[in-house]
Amino acid sequence: MNNWRVDGKGRINRDKRVRFTFDGVSFEGFEGDTVASALLANGVHLMGRSFKYHRPRGPVTAGSEEPNALIGTSRGGSGRFEPNTRATVQEIYEGLTTVSQNKWPSLNFDVGAVNDKLHKLFAAGFYYKTFMWPKSFWDKVYEPVIRASAGLGVSPAEPDADTYASRYLHTDLLIVGAGPSGLAAALTAARSGVDVVLVDEHRELGGSLLSEAPTAIDGKSAESWLAETVAELNAYPNLRVMTRATAIGYYHENMVGVAEKLTDHLAEPPATAPRERMWRIRAQEVILAQGALERPLVFDGNDRPGVMMASAAQTYLNRFGVKVGNAAVVVTSHDSAWYAAFDLADAGVNIAAIVDVRASVSEHLQAEARKRDISIKLEHTVTTVLGKKRVSRVKLGKVSEDGNVSGIGTVSCDTLLMCGGWTPSLHLFSHTKGSLHWDAENEVFLPGEKTERCHIAGGGRGLWSQQAAFDDGVHAAQQALASRGQSAPALSIDVDGDRTGSGIIMEELPSNDDKFARRAFVDFQNDVTAKDIRLAVREGMLSIEHVKRFTTNGMATDQGKMSNMNGLKIAADELGRPAPKVGLTTFRPPYTPTSFGTFAGYHKDALFEVTRKTNIDSWAEENGAVFEPVSLWRRARYFPKTGEGMHGAVARECRQTRASVGMFDASTLGKIEVVGPDAAEFLNRMYTNPWSKLAPGRCRYGLLLGEDGFIRDDGVIGRISNDRFHVTTTTGGAARVLTMMEHFLQTEWSDLDVWLTSTTEQWSTIALNGPNARKILEPFMEGADLSAEAFPHMALRECTVGGFEARLFRVSFTGELGFEVNVPSEHGRALWEILYEEGKKHDMCVYGTETMHVLRAEKGYIIVGQDTDGTVTPVDAGLSWAIGKKKPDFVGKRSLKRPDMLLPTRKQLVGLLTEDPNVVLEEGAQIVEAGDTAIPAKMLGHVTSSYWSETLGRSIAMALLEGGFERNGTSIDIPMPEKTHRATVTGTVFYDPDGERINM
């Protein structure tokens, strides 16, 4: 290991050795090392294989943008394996187990490398053309092979054993990035007294100061200045510092998602500690100080292990004390690589040559190179890299004014460092939909018009030098504070020995080789080459978005951080158009790959999808209910007695309810309180029915449409007083309806004085249905006369039931005499038990959702979402009576007048009676014309609801049927697996068509 360590370099703890394994081989590093730095310190460059060609790959960067060195990590114990971890950011700890990916049988000998020999068969877009013929191969050959080879790492096979957390945080100022500009901004803001949060993805603050330090800062060594600054920041009570925390997404209203790693660097994490925490940080002002990413150069063989970014070699040297090679060639088009070469040379690395494609470079840089005996080759290029699993030599050539390359020679080396300039890191800014503008001089995109209260500082604005970054960080903090009406104390940070410079951008290094023959890689992980991009353009892909999808450039796990700009430049060159005219692909969250566990947070196992239970649910469980999920609720489906299955229990519950009385927990119905002077007008505009003249104490069925005229929800709405309505919705539609109401109230009708409140969980609702329902309630009533004359159907009263304040509705979803009692939810079970004891005197049964479905279907009452499918109008559902004929407008009214909404051939809701009364049709079964045996037959519709009706002694069904109303009395066929069944089209009301029982 010591052969590659440099004494006196690095910020690792050399007093604490750490052992870990890679592919079963034990290695040693130091506390503070990453897997990549520790392997490099042991002379290991080969860390993975590429996706398509299985080419050998080593780390090309030292940060989270790494596309090559992806590994699997095992943190000990079952369920703690993670694929696709970046070796460049995973810190080592004692006992860490890591494995390489995308190889078989081993990393050194990978059978999949045969793809590299056959690379001409796998040009860009080959999958769009190869797997089309013969058609029969798709199921038997193509799909199985593709599925077996898809992906890089292996998905975990066991449930994740770790826990994850999430928190919300509000602050005055959030600063993302703790490099020079971020530190300067944090110092400026913290000294002003505002609340500040500073986040950085690394284990310590400093950013580029940890890798490339100037001679002195404020008269102190850079290391001393940084230590004092970090200590000062940590001492401020108004500043929170978060390390190992990556800002992964920038959302509306200045909310930034931050994924914080808590224990991935610990050998023995606390038993109760979460692995990661997701922060949702809402800030009044945001400063993005994310810096810039070094851009790779594109040339033949630029993907071999040992080829890496010049800044990465600098980082491994100065942050980790590791030299990445003994003999290096530097190829560049930017001054920054010269400084990297100087740092490596000063640490004992032989710099065989600095190859710069430019014709002139500052005399200062050349003098510094000569002082170190470094060969300078201006107007030269690297034409190819030789070596397989590690760089061994590179071919160089002289570039003439016309771009031709001549005088090609070979230089021996074990490392090739490249730098093609710098790309501002604008991913988070782009998440906000802020505009980008093209800087033609530097050939980069820079931040333009903002949509959020954010400020960009340092490298993100195209500034390159430590002094410029410090100054810009101070300026950004002053701007942020000024936006809050505050001023910032003056802060000046003076840099001595700053490294400034410039460069040019090249889409591809010059070479005499045919550009369509070079293996010059743009996207390292997905094996996208420059010739693939050019081929995509030749095939007609004129937009960069099309090029991206045709080639998969930028679709790897680094999301194009290393490849997007080079891909854009190459496409623009092939098209002969300026880069901004070709466009830029969309940056989407997360900024770096983030574990599913971090997004899930506490929502795991029993909390993964929270099961909502009513106050009466515990009684149902104690009394043997069988449950089913309905939306987010758990509901009792039926209550079997000893020896009963579902069919027998439901039949019994139906019989008893129709004959005497049944009790049902309807608490899950959505409930919305609509209150205010304009409450009636608001409901007039939302629902199809009229509401202004509905008297207090009365109810009405309400039908809600979308703007497209299709049914969205329904429910009973009661008027409590002139300015208060109790609105019910379907169980699954409660949140959707409230959201829709809020949308219209806030964006369309803000002039209305109305307040909306969700009260679903504030009320327990007990439904009593059947001829004896009134007898159950009467002994416990105070403040209301239950007689049919005083309390008719569709009336409501505020009263007391069983000693509890209640809203009592006379409504029915069964067609029988019915009441719904609403009491505060905490009293739901108590009232339920009171009524249950009274019900024993009248042969009352408790029934569940399955019986409810049967009883409502017998009466032809629809369930939105079951008997409607998002394309059903009120007329289609036989509910034209629910449309207010004199209403000037309501949501969806204009859509109902469209010609296609009035066609008699639309699918309409009808009833079905099978010829064999014992056949219960399958819900979802397709319907065809009677006697149609064609293959395929024309589908006329489908069965929406189907049940055995104990009351009628036969099966019943409802269906959406093309031209259904005109088919009344005709026959249709329903093909089912065992045979085709015939049925007669009827109306939807199968029981008590005159509605006599509901008015008892």
Side-chain angles (χ1 to χ4, degrees), residues 630 635 637 650 653-654 657-658 662-666 668-670 687-689 699-705 710-718 727-733 737 765 767-770 773 793-794 809-820 847-869 872-883 908-913 921 923 943-952 955-961 964-965 986-1000:
V630 180
R635 301 191 72 178
R637 190 176 187 186
V650 171
E653 291 170 6
C654 288
T657 300
R658 293 286 188 210
M663 187 164 66
F664 175 68
D665 180 7
T668 64
L669 287 175
Y687 285 83
T688 63
N689 324 58
C699 308
R700 180 167 291 162
Y701 173 77
L703 191 62
L704 183 69
L705 309 183
F710 299 134
I711 296 173
R712 289 289 187 273
D713 203 82
D714 69 347
V716 172
I717 300 175
V727 177
T728 65
T729 74
T730 58
T731 293
V737 171
T765 303
L768 289 165
N769 287 276
H793 181 55
M794 299 302 279
F809 289 69
R810 185 173 169 188
V811 294
S812 172
F813 199 46
T814 63
E816 302 291 342
L817 169 64
F819 297 91
E820 288 184 3
Y847 65 91
T849 55
E850 194 66 25
T851 293
M852 177 269 291
H853 280 285
V854 176
L855 297 176
R856 66 90 194 173
E858 290 172 346
K859 281 293 295 179
Y861 297 148
I862 70 167
I863 290 183
V864 174
Q866 179 169 333
D867 299 303
T868 66
D869 62 1
V872 175
T873 70
V875 174
D876 297 337
L879 298 173
S880 55
W881 55 267
I883 301 176
Q908 297 158 342
L909 191 66
V910 297
L912 297 178
L913 293 176
L921 299 174
E923 291 183 350
V943 177
T944 62
S945 298
S946 180
Y947 308 98
W948 171 260
S949 169
E950 186 69 11
T951 303
L952 302 174
S955 67
I956 59 172
M958 298 166 72
L960 284 172
L961 183 62
F965 297 158
T986 70
T988 56
V989 182
F990 301 100
Y991 172 78
D992 188 26
D994 296 327
E996 296 176 355
R997 298 179 66 83
I998 208 169
N999 293 306
M1000 294 173 61

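Within the 4.5 Å cutoff, the side chain of L960 has heavy atoms near those of the D869 side chain. Side-chain contact between K859 and F990: absent, with no pair of heavy atoms (C-beta onward) separated by less than 4.5 Å. The shortest distance between side-chain heavy atoms of T729 and L669 does not fall below 4.5 Å. Taking the side chain as every heavy atom from C-beta outward, L879 and I862 approach each other to under 4.5 Å. The side-chain heavy atoms of T873 and F710, taken from C-beta on, include a pair separated by under 4.5 Å. Looking at heavy atoms from C-beta onward, R712 lies out of side-chain contact with L705 at the 4.5 angstrom threshold.
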CA sep, side-chain torsions, deciding dist, call: F664, T851, side chain to side chain contact (heavy atoms under 4.5 Å, CB included):
CA-CA 10 Å; F664 175 68; T851 293; over 6 Å; no
Show your working on side chain to side chain contact (heavy atoms under 4.5 Å, CB included) between R635 and T668 and close with a plain yes or no.
CA-CA 8 Å; R635 301 191 72 178; T668 64; 3.0 Å; yes
Using the rule given for side chain to side chain contact (heavy atoms under 4.5 Å, CB included), can you reason through V737 versus L704, listing the C-alpha separation, both sets of side-chain angles and the distance that settles it, and then say yes or no?
CA-CA 9 Å; V737 171; L704 183 69; 3.9 Å; yes
Tell me, with the steps shown, if T986 and V910 meet side chain to side chain contact (heavy atoms under 4.5 Å, CB included).
CA-CA 6 Å; T986 70; V910 297; over 6 Å; no
Given E820 and T765, is the side chain to side chain donor-acceptor pair (under 3.5 Å) satisfied, shown in steps?
CA-CA 6 Å; E820 288 184 3; T765 303; 5.8 Å; no
Begin with the C-alpha distance, continue with both residues' side-chain angles, and end with the deciding distance and a verdict on side chain to side chain donor-acceptor pair (under 3.5 Å) for T730 and D713.
CA-CA 7 Å; T730 58; D713 203 82; 2.5 Å; yes
Please evaluate residues Y947 and R856 with respect to the criterion side chain to side chain donor-acceptor pair (under 3.5 Å), reporting the C-alpha separation (whole Å), side-chain torsions for both, the decisive distance (0.1 Å), and the verdict.
CA-CA 11 Å; Y947 308 98; R856 66 90 194 173; 3.0 Å; yes
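Distance check, rounded to the nearest 0.5 Å: OH of Y991 to OG1 of T814 gives 8.0 Å. Rounding to the nearest 0.5 Å gives a distance of 10.0 Å between OH of Y701 and CD1 of I717. The structure places CG of N999 at 9.0 Å from CG of D992, a figure rounded to the nearest 0.5 Å. Atom-to-atom distance recorded for I883:CD1 and L703:CG is 7.5 Å, nearest 0.5 angstrom. Here the NE2 atom belonging to H853 is positioned 8.0 Å from the OG atom belonging to S945, to the nearest 0.5 angstrom. Taken to the nearest 0.5 Å, the CE atom of M958 stands 4.0 Å off from the CG atom of L909.
Evaluation of the salt bridge (Lys or Arg N to Asp or Glu O under 4.0 Å) rule for E816 yields R658, R997 as partners, not counting sequence neighbours.
F813 has its ring centre less than 6.0 Å from the ring centre of Y861.
Panel note: side chain T868, backbone V864; no donor-acceptor pair is recorded below 3.5 Å. Between the Q908 side chain and the F965 main chain, a donor and an acceptor come within less than 3.5 Å of each other. Remark: the backbone N or O of I998 is not paired with any side-chain donor or acceptor of S812 at under 3.5 angstrom. Between the side chain of E923 and the backbone N or O of S946 there is at least one donor-acceptor pair closer than 3.5 Å.
Nearest approach of V989 to P993, heavy atoms of both residues: CG1-CA, 3.8 Å.
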